[in-house]
Protein chains: 4
Amino acid sequence: MSSIPPQPPVKRGRRKQARPGELLEAALDLFVEKGYAATRVEEVAARAGVSKGTLFLYFPSKEELFKAVVRENISGRFGEWEQTLASFTGTCSEMIEYAFSAWWERIGSTKANGLGKLMVSEANNFPEIAQFYRTEVVLPGQELIRRIFRRGIESGEFRDIDLEYAIYLVQAPLMQLDLMNSSRVICVVNPDNFDPHKYLKMHADNLLAGLRPRAA
Amino acid sequence: MSSIPPQPPVKRGRRKQARPGELLEAALDLFVEKGYAATRVEEVAARAGVSKGTLFLYFPSKEELFKAVVRENISGRFGEWEQTLASFTGTCSEMIEYAFSAWWERIGSTKANGLGKLMVSEANNFPEIAQFYRTEVVLPGQELIRRIFRRGIESGEFRDIDLEYAIYLVQAPLMQLDLMNSSRVICVVNPDNFDPHKYLKMHADNLLAGLRPRAA
Amino acid sequence: MSSIPPQPPVKRGRRKQARPGELLEAALDLFVEKGYAATRVEEVAARAGVSKGTLFLYFPSKEELFKAVVRENISGRFGEWEQTLASFTGTCSEMIEYAFSAWWERIGSTKANGLGKLMVSEANNFPEIAQFYRTEVVLPGQELIRRIFRRGIESGEFRDIDLEYAIYLVQAPLMQLDLMNSSRVICVVNPDNFDPHKYLKMHADNLLAGLRPRAA
Amino acid sequence: MSSIPPQPPVKRGRRKQARPGELLEAALDLFVEKGYAATRVEEVAARAGVSKGTLFLYFPSKEELFKAVVRENISGRFGEWEQTLASFTGTCSEMIEYAFSAWWERIGSTKANGLGKLMVSEANNFPEIAQFYRTEVVLPGQELIRRIFRRGIESGEFRDIDLEYAIYLVQAPLMQLDLMNSSRVICVVNPDNFDPHKYLKMHADNLLAGLRPRAA
DNA sequence: TATGAATGAGAGTTCATTCAT
DNA sequence: AATGAATGAACTCTCATTCAT
């Protein structure tokens, strides 16, 4: 419609408009790293390069900041993802493998990783936001998996399994990887020499082998 | 309407022996439910039926209380378990299945469930405890799994897999189940109608199918 | 009147009758050493070899314990002392010297030393007991000194000085010595090699020299 | 009778520069008056006209506040004094008299008076501070006195005395005066009619008379 | 808008005091 | 009389939140 006006050269790289975003980014880092309670708003503000007072200009309370962080980082990535899978041409096994690597690229290896841990930790303190996470992340994710499985079963590529429990075959390794990245020291055998790709490959591989139709 | 009967004076119980246990139980519940920071010592004391001051008679600080909870609920559960598996006669597949159900009976379905979540949540705030948990729980558990796998591979019952990553094939579902029980609302499709046994059966079943030697 | 019944052999050296005394003794030690607030009643009880509850059987509160300690340790030593001085035959200088050494023997070198410091420290928190100390110790002591000085002046042995201020010429060194013994590290040049007798000799000597009548 | 005028909203002052000083002043007053333990930080804050939290903006703990009070009121008062005495021209007797009156002007009659009592009272609870006070105040003060005495002895103005004990001839009256001002009720005969100048004059006078060389 | 000094409710901890045994 | 487990008020210290500038 209208022609795009020439963008003014970005001065200083920190415009006022960027403030909330910088705060959210800093908050995400700290919430994931230290948990909700142990994160002090002053620290968030400091990391975003503003004063404590300024933070409260954008977010009315620590609680709202937290909710905003969660919302910001899980917003509608699934629509796009679903589309990709819908138009995917290939076997269901390839779809599963693709889903694993896509998860890693879009979630596991990004800032969004650790959100799972955060939700697990804080779900009881923030039921509302937990519900939001469930609706926006968990259920759509599970639906994605369910659809792939259903297709695989119908096409005879996978054996006939209880869909509602099969979901967790995919979810469990991804969730564990989320937690591992947050507190590697707890779960990982050799924290300094852990390769997430190998981890995912192993899981996908064994999962798919197990899913093959069995001889009577 | 009816007059309130005179409250009998609060009995000052005298149960030095029983107190620590009651406090630890209350603390476990609350720590698992609300996290470390959100749990107030006064609340723990109240749930154990004593006053705030009494708690400090038995535990010198909130942190020591937390440590005691972890120790109480973890130590000594592993030795026994290792013995059982060491003297187990049967196929490796049966051992894996046994391990799953034994975990459920001794950990997953007990108060000790949720401790995994607790550790994941608080590991960064209590490196010392996290290290303790890693040494006393995670690593021994992994060694147990490793041993079974090694035996299965050597006997030809399992295909040849990378042991160091295979471990997680067992660990991931158990950890997820620990988390699920703590914040079921987040991960589970239908929280009111979830059967842990089916969950574990599905996982064990698919895992073992995937582990079978493959045709060249 | 009645014949004294044969004393039963003292068993165990700790009769019930001794309790209050032992508590007072322990309390004196601790109050002097650590001050009122920093002394815990449990510690007092422990040092007296009884339980905390027992202490409260004899003294209704920490405050009353404190008052009892002070009262106990300053009770009527002055009557006896006054008598001694009244019947003293010798010069006033000798009386002053005697007073110094008597103070050392009866107060300075005994448990009662440190009470001065205690009163100085706590006077504002215990006005009532401070008043008591003033009445029972400070004023009688000053009166003693005043009487000696007056006699010395009248007899021409001392020069004519303002009695009301002269008093402090005697009081100051004794008070300093009381404080020194309590917190030697603060005031004393060489704490490990300090001789109270030399200290007192020096003060008495110079004081008396200064008191001699002066040539016009 | 008359209506209460509406209270103006509490002014939130903004005087970062002035705060520490005001807090230190309030703290000095209260510590001297009531002792360390009996002084509540909230009270200090209130006397300085700020809230409890504000105090902790400037001093990280009660202990550090205490230390700061001692440092604030001691440091830097001695250097100047030493200079003055070094360049003093006059007899040693005049120097002693000058020292007495200088002490009164710079310490005894100021806020710094009472610090001696404070140190005596709390020395056992704060060995570190006591050491500091000893090093920074007591020992330099004693050295000052020692130097005057040595000079007086060498010039024949004073008789030959043991320097190490003579020091206390000067220190004792000053210390007593410090204590008197803090808890006058204890030591002083007639608290409402006490003249520190007369007190000091009396002491200086008698001290110097006593120091005069004696006939063989 | 942005600041940061100031606030005050709330948490962990101590310890004089109580009271069932 | 004696005990010591239990209490709870009081204290120090923290930190989310406010508000004058």
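Everything numeric in this text was worked out from a predicted model, so none of it was measured.
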Next item on the list: List in chain and number order the residues that pass side-chain hydrogen bond (donor to acceptor under 3.5 Å, both in side chains) with A/T54, two or more places apart in sequence or in another chain; answer none if no residue qualifies.
Entry: A/S51
Notebook entry, point to check: Looking at residues at least two apart in the chain, or sitting in another chain, which of them share a side-chain hydrogen bond (donor to acceptor under 3.5 Å, both in side chains) with A/D29?
Noted result: A/K111
Notebook entry, point to check: Looking only at side-chain N and O atoms, does C/Y58 come under 4.0 Å of OP1 or OP2 in F/dA1?
Noted result: no
Starting at atom [atom1] of [X], determine the distance to atom [atom2] of [N], rounded to an integer number of angstrom.
| X | N | atom1 | atom2 | result |
| --- | --- | --- | --- | --- |
| A/K34 | F/dT14 | NZ | C1' | 14 Å |
| C/F59 | E/dT17 | CZ | P | 13 Å |
| A/E64 | F/dT18 | CD | P | 13 Å |

Below 3.5 Å, can you tabulate the donor-acceptor pairs from side chains in residues 123-131 of chain B to any protein atom, sequence neighbours excluded?
{"residue": "B/N124", "atom": "ND2", "partner": "A/E33", "partner atom": "O", "Å": "3.0"}
{"residue": "B/E128", "atom": "OE1", "partner": "B/K67", "partner atom": "NZ", "Å": "3.1"}
{"residue": "B/E128", "atom": "OE2", "partner": "B/K67", "partner atom": "NZ", "Å": "2.9"}

Check: Excluding sequence neighbours, so at least two apart, what forms ring-ring contact (aromatic ring centres under 6.0 Å, His included) with D/Y133?
Finding: none
Next item on the list: Take B/S51 and C/L55, find for each the nucleotide of DNA chain F with the closest heavy atom, and name the residue whose nucleotide sits nearer the 5' end.
Entry: C/L55
Check: Which letters describe nucleotides 10-15 of chain E, given B = protein heavy atom under 4.0 Å from base, S = only from sugar-phosphate, - = neither?
Finding: BSSBBS
Next item on the list: Please list, chain by chain and in numerical order, all residues satisfying salt bridge (Lys or Arg N to Asp or Glu O under 4.0 Å) with D/E43, sequence neighbours excluded.
Entry: D/K34, D/R40
Item checked: salt bridge (Lys or Arg N to Asp or Glu O under 4.0 Å) involving A/K52 - partner list, sequence neighbours excluded -> A/E42
Check: Looking at residues at least two apart in the chain, or sitting in another chain, which of them share a side-chain contact (heavy atoms from CB on, under 4.5 Å) with C/V120?
Finding: D/K117, D/L179, D/S183
Check: Under a 3.5 Å cut-off on both pairing distances, which runs of 3 or more consecutive Watson-Crick or G-U pairs involve DNA chain F?
Finding: E:2-21 with F:2-21
Next item on the list: Establish, for the pair B/K62 and B/F31, whether the NZ or CZ atom is under 6.0 angstrom from the six-membered ring centre and no further than 45 degrees off its axis.
Entry: no
